[in-house]
Each structure stands twice: as structure tokens, then as C-alpha cells.
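Both ligands and their constituent atoms are indexed starting at 1 by order of listing.
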Amino acid sequence: MYTLKQKNWKISENEITSENLFNKRRDFLKLGAAALVSSSVVAEKLAAVESVKRASLDFKKTLYGKDLELNSFDQASTYNNFYEFSLKKDAPAKLAHTLKPNPWDIEIHGEVQKPMHISLDDIVSSYPLEERIYRFRCVEGWSMVVPWIGVTLAHLIKKAKPTSKAKYVKFTTMLDPEMFPDQKRGLFGNIPYPYVEGLRIDEAMNDLTFMAVGMYGKILPNQNGAPIRLVVPWKYGFKSIKSIVSIELVEKEPLNTWKLINAREYGFYANVNPEVDHPRWSQAKERKLGSFFKNKTMMFNGYEEEVGHMYKNMDLRKYI
Ligand code: MTE
């Protein structure tokens with residue numbers, strides 16, 4: 001087991017009581033006094049507020065998305081899909097304090113010459129972290145623009161030396177009912193666990209495919225998939241699996257969770273495509289979080305130049 005070394009996670013005094021946190025604490029105290037709530041409820045709410053503390057990361061800024069207008073940290077961290085906690089978008093931010101992202105061990109294995117275990121600390125200390133601003137588009141029709149911090153997935157995969165049989169990559173989220181309350185509910189849970197996702201090997205090695213360990217300058221909030229999650233900006237958001245513990249190189253296409261649940265509505269590829277509607281939602285337009293008006297959805301979420309070549313000979317109506 002590997003643990004995080006403090007040196008990589010510098011928390012300075014002003015970050016501990018950032019303006020944002022200070023205001024939230026003040027608002028909370030006002031709210032608490034007015035409502036005269038019980039001390040256990042106060043403790044629980046304070047724990048949620050305290051989880052706003054996040055350590056800063058050292059990273060290099062890049063040109064990716066430099067002209068995009070960012071969503072705010074509050075928007076990106078309080079409107080989440082994380083079924084291990086809840087189906088409600090505002091719930092993960094309140095409940096995700098049960099997720100313990102340290103220590104954390106990720107296994108890279110399967111069709112590789114050098115199977116390995118790496119910790120978050122290894123990633124942070126072995127690779128220069130970079131910031132990439134990407135568009136993020138959910139299949140439900142909302143979108144946002146987020147400054148992620150991390151490394152390309154290709155960096156990690158190359159280290160394990162894939163064999164010629166490695167045609168796909170299968171990702172798996174942590175299975176731990178103590179950390180993820182919905183996993184305790186077994187067959188009555190929101191979805192089957194653990195959450196699984198997959199990419200074709202060329203998609204996994206594409207320069208845009210990113211493993212994020214942070215956002216907005218600091219480590220990931222739990223509700224956004226701490227300590228490490230995938231970000232595949234030209235695909236619908238459900239491909240961006242959170243809190244990953246296993247990266248397995250495999251020969252056959254893995255069955256991803258949403259395809260397992262409903263193969264008519266969700267496929268393996270899930271490329272953002274304004275011309276192929278989801279059976280329940282038109283994909284022609286999208287609403288950016290915080291915007292009143294909708295915008296036209298862009299093919300491959302605006303990343304056609306970088307990724308279009310990978311799907312040249314594929315019928316994208318069939319391979320949803
Ligand atoms: N990963 C896990 N383990 N569990 C989930 O429920 N939801 C997916 C994806 N990754 C999900 C997940 C969906 S549907 C979306 S849209 C994105 O996470 C949301 O990421 P965000 O909360 O950071 O916006």
C-alpha cells in the first residue's frame with residue numbers, strides 16, 4: 001500500500017481558510033443559529049463544509065481550451081452524477097465525505113509486460129501535471145467547461161508496456177460499501193457496482209484522453225471522482241469514470257455499466273453527436289450550466305479535428 005507524502009500536497013494557511021470557505025462557514029453558522037438544529041446535524045453539515053479544504057497542486061498551464069469560458073468551481077462541484085452516493089445532482093457534494101481518497105492504489109494490469117500498482121503520490125511525483133481546459137457534455141443535455149489537472153492516460157499505459165493483444169482498456173471504480181453508501185444496497189442499488197467503463201486502445205492513447213487528479217488548481221473534490229478519474233472530452237460524461245482502482249488492458253470490448261443496464265439507450269462509444277438522438281433526449285442542443293439559452297451541440301463536442309479520424313469507417317448511428 002502506498003500513501004501520499006505531504007510534500008506533494010502543500011496546504012497553505014490561506015488555502016485552509018480561503019475566502020470561499022470562510023463565507024460558506026459564516027453562512028453555515030448563520031443558518032445553524034437561526035434553525036437551532038441539533039448538534040449531530042451541525043457536525044455533519046460542518047464536515048461537509050470542511051471538505052471544501054483541498055490541497056493545491058503544482059502544474060503547468062497549457063493552451064488546451066484557453067479561449068473557453070470556465071464554469072465556476074461551485075457549479076462543477078455541486079451538480080454531479082455519482083450514483084454511488086445518490087441519484088440527485090446536489091447530493092454527492094453533501095454525502096461524499098465518506099469517500100477516503102488516501103491511501104489509494106491503482107492497478108494497471110492485464111495485457112501488459114509490466115503490471116504495476118501505482119499510488120496517487122507516484123502519479124503526482126513521477127509525471128509533470130498539466131492543466132487542460134475541456135468542454136464536458138453529459139448525455140442528459142447539460143454541459144460545462146472545467147480546468148482539469150492531471151496526466152494523459154497514454155503516459156500511464158506506456159509505463160506498463162501493453163502487449164500486442166491489448167485492444168481495449170477497462171476501467172473499474174472502487175467497490176467499498178463503507179465509502180459508497182449506495183453500494184450497500186445490493187440489488188436495490190441505483191446501478192450495478194462496481195461502475196465499469198472502457199475505451200478502445202487508440203481512444204485511450206489519444207492525446208486528449210486525460211486522467212484527472214485535480215481541478216481548479218487543487219486536488220479533486222470527492223464528489224468529482226477523487227482521487228483519480230478519467231476525462232474523455234469528446235464522449236458523453238458517463239464515460240468519464242470516477243474514483244478508479246483498476247486499469248486493465250484487455251483483448252475484447254469490455255461491457256460498460258450503462259450498456260449493461262440498457263444497451264438500447266447507451267453504447268460503448270458514446271461519442272457526442274448532435275445527429276444521433278438518445279431515445280429520451282434530443283442531442284441537437286445543450287445547456288451550459290448557469291446559462292439561460294441553449295447552444296448547438298458540436299460534433300465530437302468540438303474535438304472533431306483531434307478525434308474524427310478514429311471513426312472514419314464507422315456508422316455512428318450503429319455504434320452509439
Ligand atoms: N463514475 C462513477 N463511478 N459513478 C457514476 O455515477 N457518473 C458518470 C461519470 N462517472 C458516474 C461516474 C456520469 S453519468 C457523469 S455525467 C459524470 O461522471 C459526471 O461527472 P461530474 O460529476 O464531475 O460532472
By number and element, which atoms of ligand 1 are closer than 4.0 Å to a non-hydrogen atom of [X]?
X      : result
Phe136 : 17 (C), 19 (C), 20 (O), 24 (O)
Ser240 : 9 (C), 10 (N), 18 (O)
Phe82  : 2 (C), 3 (N), 4 (N), 5 (C), 6 (O)
Asn80  : 21 (P), 22 (O), 23 (O)
Tyr83  : 5 (C), 6 (O)
Glu84  : 2 (C), 3 (N), 4 (N), 5 (C), 6 (O)
Met144 : 24 (O)
Thr173 : 3 (N)

Mutual orientation of the aromatic rings belonging to Phe82 and Phe180 [parallel < 30°, tilted 30-60°, perpendicular > 60°]: tilted
Would you call the rings of Tyr311 and Phe300 parallel, tilted or perpendicular, taking 30° and 60° as the class edges? parallel
**Item:** Within-shell test, Arg229 vs ligand 1, heavy atom, strictly < 4.0 Å
**Value:** yes
inquiry  = Check for me whether Glu197 has a heavy atom closer than 4.0 Å to any atom of ligand 1.
reply    = no
Does the structure place the NZ or CZ of [X] under 6.0 Å from the centre of the six-membered ring of [Y], at an angle of no more than 45° from the ring's axis?
X      : Y      : value
Lys89  : Tyr79  : yes
Arg287 : Phe293 : no
Lys239 : Phe268 : yes

| message | Looking only at side-chain N and O atoms, does Asp277 offer a donor or acceptor that is under 3.5 Å from a partner on Gln283? | response | no
Contact region, Lys239 to ligand 1, non-hydrogen atoms below 4.0 Å, reads neither
The answer for which part of Phe238 has a heavy atom under 4.0 Å from ligand 1 is both
Which protein heavy atom lies closest to [atom], and at what distance to 0.1 Å?
atom                    : result
atom 1 (N) of ligand 1  : Lys242 N, 3.1 Å
atom 7 (N) of ligand 1  : Asn81 O, 3.2 Å
atom 15 (C) of ligand 1 : Gly237 O, 3.5 Å
atom 5 (C) of ligand 1  : Tyr195 CE1, 3.4 Å

side-chain hydrogen bond (donor to acceptor under 3.5 Å, both in side chains) between Thr297 and Arg137, intermediate numbers included: CA-CA 9 Å; Thr297 301; Arg137 168 67 152 79; 3.0 Å; yes
Rounded to the nearest 0.5 Å, the CG atom of Asp121 sits from the CG atom of Asn102 at a distance of 8.5 Å
Open item on the list: Using a strict threshold of under 4.0 Å (side-chain N to carboxylate O), is an ion pair present between Glu286 and Lys288?
Closed with: no
Report task. Taking only Lys NZ, Arg NE, NH1 and NH2, and the carboxylate oxygens of Asp or Glu, determine whether Asp90 and Lys88 approach each other closer than 4.0 Å. Result -> no
